[in-house]
**Q** 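One structure, pasted below without further comment.
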Amino acid sequence: LFLTQYLRALPQDASLMLGRARQDLSVAIRAIVRERTESLSSAGSLVLGGAAILGYEFDLGELKATLTRWGGVDVSVETEALATVVLLEPVDEAATRFRFVHALLYEAILADMPIAMKTELHNRVAETLEALPGMEASRRARELYRHVKASGCRDRRRLSEYACSAGRSERERLAYESAMELYLEGLEVLGEEEEPRLRAELHRAAAVTSKRGMIHESWIPVCELHFLNALSIYLDLDDEEELRGLIHEPVCAQLVFEGM
């Protein structure tokens with residue numbers, strides 16, 4: 001109870017705390033949390049870990065879906081038990097969503113989680129998100145990419161495709177800088193000779209995004225670089241349909257007008 005009251009008295013915004021003091025406090029809280037969680041059952045530890053992987057605030061249904069492969073774990077009962085020992089608290093009256101009682105507690109639990117357990121849980125969350133209906137999966141594309149990436153996925157095409165989908169989702173909500181970062185990550189995952197169509201799609205998306213978002217002070221060189229890379233790949237593939245589509249992109253006319 002003392003820990004909970006102490007945590008709740010702290011500002012959630014890290015910018016309000018001095019860096020060094022916060023670091024020392026985090027170490028102290030980790031020690032207290034470690035002592036507190038040692039008494040949890042294996043099922044309770046699993047539920048707490050799954051909750052932490054889902055995020056500071058999470059949906060109980062998704063936590064259940066994530067942990068279905070572990071038989072004999074009653075997620076609802078364990079979640080209520082974790083709320084009783086004041087590690088989690090319900091967000092709504094129906095108790096369909098929960099959150100950690102403080103961000104520092106959440107960070108401490110994540111920091112102490114074994115790497116193998118983190119990787120496995122990220123993989124299970126990714127599988128849960130992949131099974132969502134199309135529109136919902138699209139809306140949560142960035143979240144899916146984060147979990148696939150954290151699961152240690154070695155399938156470079158899969159990882160790059162999810163980065164591309166996440167970038168598209170971010171661009172649709174006008175988060176152009178975030179979208180650009182994701183497209184560049186998708187390109188970085190692939191080798192220069194791998195998956196030419198996917199690389200071309202990423203370059204094309206990056207060109208359009210840099211124009212729409214005017215991300216850099218001088219967007220033209222960035223846009224031109226990605227546009228020409230996409231153009232080069234489609235020429236190598238002799239793909240007339242994609243070439244026509246690329247040339248008819250509004251960004252192409254703008255580049256020509258600017259004197260590319």
**Q** Are the side chains of I53 and L110 in touch, meaning some heavy atoms are under 4.5 Å apart?
**A**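 They are in contact (side-chain heavy atoms under 4.5 Å apart), so the answer is yes.
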
**Q** In terms of side-chain heavy atoms, does S151 have a donor or acceptor partner in K118 at a distance below 3.5 Å?
**A** no

**Q** Taking everything shown except E188 itself, do over 12 heavy atoms lie less than 6.0 Å from its CD?
**A** no

**Q** Is any side-chain heavy atom of R171 closer than 4.5 Å to one of Y176?
**A** yes

**Q** Got D59 and L54 here, is their nearest side-chain heavy-atom distance under 4.5 Å?
**A**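 Not in contact.
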
**Q** Are the side chains of E78 and S41 in contact, using a 4.5 Å heavy-atom criterion?
**A** yes

**Q** How about L174: does its CG atom have over 12 heavy atoms from other parts shown lying under 6.0 Å from it?
**A**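 For L174, atom CG is crowded (more than 12 foreign heavy atoms under 6.0 Å).
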
**Q** Looking only at non-hydrogen atoms, find the nearest pair between F227 and A207 and report the distance.
**A** N-CB, 3.8 Å

**Q** F98 and V91: which non-hydrogen atoms are nearest, and at how many Å?
**A** C-CG2, 3.7 Å

**Q** Quick check: does any side chain N or O of S178 sit under 3.5 Å from a backbone N or O of A175, one acting as donor and the other as acceptor?
**A**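 Judged by distance alone, no pair lies under 3.5 Å.
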
**Q** Check for a donor-acceptor pair, side chain of R199 on one end and backbone N or O of E192 on the other, with a separation under 3.5 Å.
**A** yes

**Q** Report yes if the side chains of R139 and L132 come closer than 4.5 Å at any heavy-atom pair, otherwise no.
**A** no

**Q** Does E161 pair with R157 as a salt bridge, N-O distance under 4.0 Å?
**A** yes

**Q** What is the distance from atom CD of E80 to atom CG of L88, rounded to the nearest 0.5 Å?
**A** 11.5 Å

**Q** Using the rule given for side-chain contact (heavy atoms from CB on, under 4.5 Å), can you reason through T68 versus K64, listing the C-alpha separation, both sets of side-chain angles and the distance that settles it, and then say yes or no?
**A** CA-CA 6 Å; T68 49; K64 289 178 179 179; 5.6 Å; no

**Q** If only atom types and distance count, is the side chain of S169 paired as donor or acceptor with the main-chain N or O of S165 below 3.5 Å?
**A**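 Such a contact is absent between S169 side chain and S165 backbone.
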
**Q** Answer whether the closest heavy-atom distance between the side chains of L121 and M113 falls below 4.5 Å.
**A** yes

**Q** Do you know the tightest heavy-atom contact between G167 and A179?
**A** O-CB, 3.3 Å

**Q** Looking only at non-hydrogen atoms, find the nearest pair between C164 and L202 and report the distance.
**A**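 Heavy-atom minimum between the residues: CB-CD2, 3.6 Å.
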
**Q** More than 12 non-hydrogen atoms from neighbouring residues, nucleotides or ligands closer than 6.0 Å to CZ on R156, yes or no?
**A** no

**Q** Salt bridge or not for R124 and E127, using N-O below 4.0 Å?
**A**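 Salt bridge flag = yes for E127 with R124.
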
**Q** Side chains of E240 and Y234: donor-acceptor distance under 3.5 Å anywhere?
**A**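 There is no such pair between these side chains.
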
**Q** Tell me the closest heavy-atom pair linking E130 and R158, and the distance in Å.
**A**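 Reported closest heavy-atom pair: OE2-NH2, 2.8 Å.
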
**Q** Got a second to check how far L159's CG is from R154's CZ, nearest 0.5 Å?
**A**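 Going from CG on L159 over to CZ on R154, the span is 12.5 Å.
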
**Q** Establish, yes or no, whether a centroid distance under 6.0 Å links the rings of Y106 and F100.
**A**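 Ring-ring flag for Y106/F100: true, centres closer than 6.0 Å.
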
**Q** Grab the two heavy atoms, one from V222 and one from S210, that are nearest each other, plus how far apart they are.
**A**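 It is CG1-CB, 4.1 Å.
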
**Q** Does the side chain of D236 reach to within under 4.5 Å of the side chain of P196, using non-hydrogen atoms?
**A** no

**Q** Would you check, one step at a time, whether the test salt bridge (charged side-chain N to carboxylate O under 4.0 Å, His left out) holds for R168 with E201?
**A** CA-CA 11 Å; R168 193 180 304 118; E201 182 181 356; 2.9 Å; yes

**Q** Is it the case that the side chain of N229 and the backbone of L225 share a donor-acceptor pair, with hydrogens and angles ignored and the cut-off at 3.5 Å?
**A**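 Side chain of N229 to backbone of L225: a pair is present.
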
**Q** Under a 4.0 Å threshold between the charged nitrogen and the carboxylate oxygen, would E89 count as salt-bridged to R97?
**A**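 A salt bridge is absent here (no side-chain N lies under 4.0 Å from a carboxylate O).
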
**Q** Enter the distance from H203:NE2 to L184:CG here, rounded to the nearest 0.5 Å.
**A** 9.0 Å

**Q** Okay, side chain of R197, backbone of L237: is any donor-acceptor separation there less than 3.5 Å?
**A** no

**Q** With a 4.5 Å heavy-atom cut-off, do R146 and H122 have their side chains touching?
**A** yes

**Q** Any carboxylate oxygen within less than 4.0 angstrom of a Lys/Arg side-chain nitrogen, looking at E185 and K149?
**A**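 Salt bridge: yes.
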
**Q** Short question: side chain of T79, backbone of V75 - any donor-acceptor pair under 3.5 Å?
**A** yes

